There are 2 protein chains.
Amino acid sequence: MEFNLNRSLEILSSTPAVMQKMLGELSNEWLFGNEGKDTWSPHTVIGHLIYADETNWMARARKILSDTDNRFEPFNRLKQFELYNDRDIHELLDKFSNVREESLKQLRSIELNEKTLSRKGIHPDFGEVTLSQLLSTWTVHDLDHINQISRVMAKQYNDAVGPWKSYLGILKRPI
Amino acid sequence: MEFNLNRSLEILSSTPAVMQKMLGELSNEWLFGNEGKDTWSPHTVIGHLIYADETNWMARARKILSDTDNRFEPFNRLKQFELYNDRDIHELLDKFSNVREESLKQLRSIELNEKTLSRKGIHPDFGEVTLSQLLSTWTVHDLDHINQISRVMAKQYNDAVGPWKSYLGILKRPI
C-alpha cells in the first residue's frame, strides 16, 4: 500500500484506545514484566510513545516543511526512563491520549498534497527522507510497539505454557 | 510468571475490546491485507479466534476434567475460511465478544485449585498437558494473534516507510 493520510489516521487515532484496552486493567506483573536486563516493559513503551509524540513526529514534519532548516534533531529513545518511569500507568495512558490528540490536530492543520508529501528532511542517520515516509513510519511505529507489548506480555508465560511453546511463535521472537 | 487465573482473566477478558479498538474503524486495505499467498489477514484472525473459543479451549478444559475421556479433538486451524470468510468485520468482532464472554462464564464455573490445575489431557501432537498449561496457552494465544495482526498491518506499509525500514524490526519478522 502507498502512503495514504486517511489510512494512516485510522491507525494513529486508534492507538491510544488500543493501549487503554490492552493495559488499563492489568496487574503490575504484566505492566512491568520485560524481556530481561535493559529491555522494555509495556509501561516503558507508553512513556516512549508519549515522548515521541511530544518531541519527534510533528517536530520532524515541521522541519520538512520549513524553508530554513530541514535537519532533524536526533531522537532520544531512552528519555522515558528519566521522565516517566515512576508514573502510574493510568496517568501515562491518559497523557498519551492527550499528546496524540494534539499531534493529530497539528497534522490535520498541514496542507498535505503530492508536493508537500514529497518534500524532504535530513535524518541524522540515513539522510534524505520524505514527509510521506515520515508519516508512514509514525504509523508503523505505533504498530511495532503494539507488537512489542503483546510479545513482552506473552513471554511472561514462557514456561507456564509447557509443551505448547513449540506452537507459539511469539515466545521464540527475539527482542 | 507461573500460571495465575486472575492474571490470565485480565488478558482473556480484554482481548475482544482490544480487537474492537484495533479493527473496528479500519478500511478494507488494513482488514484484508495479508503477508502473501496462504497467509492470514486481520479479518481471518478474528474468525480463527471465534472458532477457537467455540470449539477448542473450554472443550479441552472439560476433557481434562472428565473422568472418562481426556483425549483432545484435533483443532482445525483453517475452519474460519469456510465459516467466516464472507462476514462483515463488525459482525465478527461482536461475535468474538459474545463467544469469549460465554467461554469465560464457563471457565469461572470450574473449581480451579492446585489439584484440578494439574490434571492432564492428551494433546493429539505432544501428549500429556495440564489444565494450567492449557489456560496459559489460551492467554498467550490471544497475545500471539494481537502480535500477528499488528505485524500484518505494519507490512502493508513495507515500502512506504522508505529508509526507515532498517529501524523497524516488525517489517523484518517472518510469518
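Order of the sequence lines fixes the chain letters, A, B, ..., with proteins taken first and strands second; residue numbering starts at 1 for each chain. Since the structure is predicted, the reported quantities are computational estimates derived from the model, not experimental observations.
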S.K.: Taking only heavy atoms into account, what residues of residues 60-70 of chain A are found under 4.5 Å from chain B?
M.R.: A:R60

S.K.: Which one of A:N147, A:L143, A:I146, A:V140 satisfies the side-chain contact (heavy atoms from CB on, under 4.5 Å) criterion with B:M153?
M.R.: A:L143

S.K.: At their closest point, which heavy atom of B:Y157 faces which heavy atom of A:R7, and how far apart are they?
M.R.: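 Looks like OH-CB, 4.2 Å.
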
S.K.: Quick one: do A:L12 and B:M22 end up in the same hydrophobic cluster if we chain Ile, Leu, Val, Met, Phe, Trp and Tyr together by side-chain heavy atoms under 4.5 Å apart?
M.R.: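 As far as the 4.5 Å side-chain criterion goes, B:M22 and A:L12 are connected within one cluster.
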
S.K.: Between A:H123 and chain B, which part of the residue has a heavy atom less than 4.5 Å away: side chain, backbone, both or neither?
M.R.: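 Just its side chain gets close to chain B.
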
S.K.: Check whether B:D144 gets within reach of chain A through its side chain, its backbone, both or neither, counting any heavy atom under 4.5 Å.
M.R.: both

S.K.: In terms of heavy-atom proximity below 4.5 Å to chain A, should B:I149 be classed as side chain, backbone, both, or neither?
M.R.: neither

S.K.: Start with the C-alpha gap between B:I11 and A:L26, add the side-chain angles, then the distance that decides, and say whether side-chain contact (heavy atoms from CB on, under 4.5 Å) holds.
M.R.: CA-CA 8 Å; B:I11 309 286; A:L26 295 188; 4.2 Å; yes

S.K.: Looking only at non-hydrogen atoms, find the nearest pair between A:Q133 and B:P163 and report the distance.
M.R.: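 Closest approach of A:Q133 to B:P163: OE1-CD, 3.5 Å.
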
S.K.: Between A:Q148, A:R173, A:R151, who has the most heavy-atom pairs with chain B when the cutoff is under 4.5 Å?
M.R.: A:R173

S.K.: Shared ILVMFWY cluster between A:I175 and A:V45, side chains joined below 4.5 angstrom?
M.R.: no

S.K.: Are B:F72 and B:I122 linked, directly or through other ILVMFWY residues, by side chains that come within less than 4.5 angstrom of each other?
M.R.: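 No, B:F72 and B:I122 fall in different hydrophobic clusters.
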
S.K.: Select all residues of residues 90-108 of chain A having any heavy atom within less than 4.5 Å of some heavy atom of chain B, and report them by number, or 'none'.
M.R.: none

S.K.: Walk me through it: do B:E25 and A:S14 pass the test side chain to side chain donor-acceptor pair (under 3.5 Å)?
M.R.: CA-CA 8 Å; B:E25 306 290 327; A:S14 66; over 6 Å; no

S.K.: If I measure from the heavy atoms of chain A, does B:Q156 come under 4.5 Å with its side chain, its backbone, both, or neither?
M.R.: both

S.K.: In terms of heavy-atom proximity below 4.5 Å to chain A, should B:Q20 be classed as side chain, backbone, both, or neither?
M.R.: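 Neither; nothing under 4.5 Å.
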
S.K.: Are the aromatic ring centres of A:H141 and B:W164 under 6.0 angstrom apart?
M.R.: no

S.K.: Of all of B:T137, B:L135, B:L171, which one pairs up most often with chain A through heavy atoms under 4.5 Å apart?
M.R.: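 Result: the option with the highest number of such pairs is B:T137.
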
S.K.: Check whether B:L168 and A:V129 end up in the same hydrophobic cluster, where Ile, Leu, Val, Met, Phe, Trp and Tyr are linked by side-chain heavy atoms less than 4.5 Å apart.
M.R.: yes

S.K.: Between A:G33, A:A154, A:S166, which shows the greatest number of heavy-atom pairs under 4.5 Å with chain B?
M.R.: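 The residue among A:G33, A:A154, A:S166 with the greatest pair count is A:A154.
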
S.K.: Flag the one option from B:K21, B:E2, B:E10 with the top tally of heavy-atom pairs under 4.5 Å to chain A.
M.R.: B:E10

S.K.: Look at atom NZ of B:K115 and say whether more than 12 heavy atoms of other residues, nucleotides or ligands are closer to it than 6.0 Å.
M.R.: no

S.K.: Can you tell which part of B:E29 gets under 4.5 Å to a heavy atom of chain A, answering side chain, backbone, both or neither?
M.R.: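 Both the backbone and the side chain of B:E29 come within 4.5 Å of chain A.
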
S.K.: Group every Ile, Leu, Val, Met, Phe, Trp and Tyr by side-chain heavy-atom contacts under 4.5 Å, then state whether B:W40 and B:I89 land in the same group.
M.R.: yes

S.K.: Select one option (side chain, backbone, both, neither) describing which atoms of B:T15 are under 4.5 Å from chain A's heavy atoms.
M.R.: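 Neither; nothing under 4.5 Å.
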
S.K.: Could you check which of B:D159, B:N158, B:L134 has the highest count of heavy-atom pairs closer than 4.5 Å to chain A?
M.R.: B:L134

